[in-house]
Amino acid sequence: MDSAIIRNEIYRIVRKIPRGSVLSYGDIGRIVGTGPRQVAAAMRACPAGLPWHRVVGAGGTIRTPGEYAWIQRERLIAEGIRFRGRGFSYDLYRWKTGKYPH
DNA sequence: AACATGACCTCTC
DNA sequence: TGAGAGGCCATGT
């Protein structure tokens, strides 16, 4: 199935995000050619060892439900991301090294 | 096969 | 600044 391949692509990209950087659901979706919700759906399975905390909502917001939101925030802060208010500056911490297809 | 759901995004008002 | 609507499409029932 295509969807399984896309899921693997998503996981591969998330694994590539370097420490201290983040990527949004929408951007990841744009890279692999699918939508933001599909990225979220893939993250629901969350394989062990995956740096899921580096995947955030558009504009640098935490969209993770429940207590994981707190864990994610702590981990991001531990990687050097400074929060301002609810979220942080996505432009500042976005993983820029990965070139997006266009 | 139809239907509901969702760790989203963008545009309105 | 915040709430609502619509679009999106893989997943699970």
Side-chain angles (χ1 to χ4, degrees):
Chain A
M1 323 327 195
D2 254 9
S3 53
I5 296 176
I6 289 183
R7 267 208 315 281
N8 283 329
E9 290 287 316
I10 292 173
Y11 296 145
R12 205 182 50 173
I13 292 194
V14 173
R15 261 185 280 266
K16 270 169 68 178
I17 303 176
R19 209 185 121 87
S21 295
V22 297
L23 228 41
S24 74
Y25 297 91
D27 281 344
I28 294 175
R30 225 164 299 154
I31 293 172
V32 305
T34 188
R37 312 200 66 156
Q38 285 54 247
V39 177
M43 295 309 288
R44 207 157 60 76
C46 199
L50 197 83
W52 57 270
H53 58 280
R54 300 189 207 162
V55 182
V56 301
T61 55
I62 303 289
R63 305 298 299 190
T64 311
E67 337 176 7
Y68 287 104
W70 181 82
I71 298 174
Q72 180 172 18
R73 187 184 167 104
E74 288 302 303
R75 285 192 179 175
L76 290 177
I77 290 176
E79 294 191 353
I81 291 177
R82 318 215 335 179
F83 277 70
R84 275 199 302 202
R86 294 182 212 175
F88 55 91
S89 169
Y90 182 62
D91 287 336
L92 188 59
Y93 297 107
R94 184 179 113 237
W95 182 38
K96 306 173 182 71
T97 336
K99 280 299 180 204
Y100 302 169
H102 207 271

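FYI, side chains are in, hydrogens and waters are out, and symmetry mates aren't considered; it's all heavy atoms of this structure. Here the structure is a predicted model, which means the values were calculated and not measured. Within every chain, numbering begins at 1; the chains are lettered A, B, ... in the order of the sequence lines, protein sequences first and strands thereafter.
- As a whole-Å value, the separation of A/Ile62 CD1 from B/dA7 C1' is 10 Å.
- Between the C1' atom of B/dC8 and the CD1 atom of A/Ile31 lies a distance of 15 Å, rounded to the nearest Å.
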Can you name the atoms? Protein N/O to nucleotides 11-13 of chain B N/O, anything below 3.5 Å, with the distance.
none

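- Rounded to whole angstrom, the span from the CG atom of A/Leu23 across to the C1' atom of B/dA7 amounts to 15 Å.
- Counting only distance, with no hydrogens or angles, the side chain of A/Arg54 and the backbone of A/Ile17 share a donor-acceptor pair below 3.5 Å.
- The residue from A/Val14, A/Leu23, A/Val22, A/Thr64 that alone fulfils the side-chain contact (heavy atoms from CB on, under 4.5 Å) condition with A/Val55 is A/Val14.
- Comparing B/dG6, B/dA7, B/dC9 by their closest approach to the side chain of A/Pro36 singles out B/dC9.
- Panel note: side chain A/Tyr93, backbone A/Arg82; a donor-acceptor pair is recorded below 3.5 Å.
- Rounded to an integer number of Å, the gap from CZ of A/Arg63 to C1' of B/dC8 is 7 Å.
- Between A/Lys96 and A/Asp91, the shortest heavy-atom distance links the atoms NZ-O, 3.1 Å.
- Between A/Ile10 atom CD1 and C/dC9 atom P the separation is 13 Å, expressed in whole Å.
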Distances for protein N/O vs nucleotides 10-13 of chain C N/O pairs under 3.5 angstrom?
unit_1 : atom_1 : unit_2 : atom_2 : d
C/dT11 : OP1    : A/Arg7 : NH1    : 2.0
C/dT11 : OP2    : A/Ser3 : OG     : 3.1

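- Summarising the geometry, atom CD belonging to A/Glu74 is positioned 9.5 Å from atom CG belonging to A/Leu76; distances are rounded to the nearest 0.5 Å.
- Panel note: side chain A/Tyr90, backbone A/Gly57; no donor-acceptor pair is recorded below 3.5 Å.
- Across all their heavy atoms, A/Gly20 and A/Glu79 have their closest contact at N-OE1, 2.9 Å.
- Here B/dG6 presents its C1' atom at 14 Å from CE of A/Met43, a figure rounded to the nearest Å.
- We find that CZ of A/Arg73 is positioned 20 Å from P of B/dA7, with the value rounded to whole Å.
- Taking atom CH2 of residue A/Trp70 and atom C1' of nucleotide B/dA7, one finds them 18 Å apart after rounding to whole Å.
- If you take CD1 on A/Ile62 and CZ on A/Phe83, they are separated by 4.0 Å, rounding to the nearest 0.5 Å.
- Taking A/Glu9 as the reference, A/Arg12 meet the salt bridge (charged side-chain N to carboxylate O under 4.0 Å, His left out) condition, with sequence neighbours excluded.
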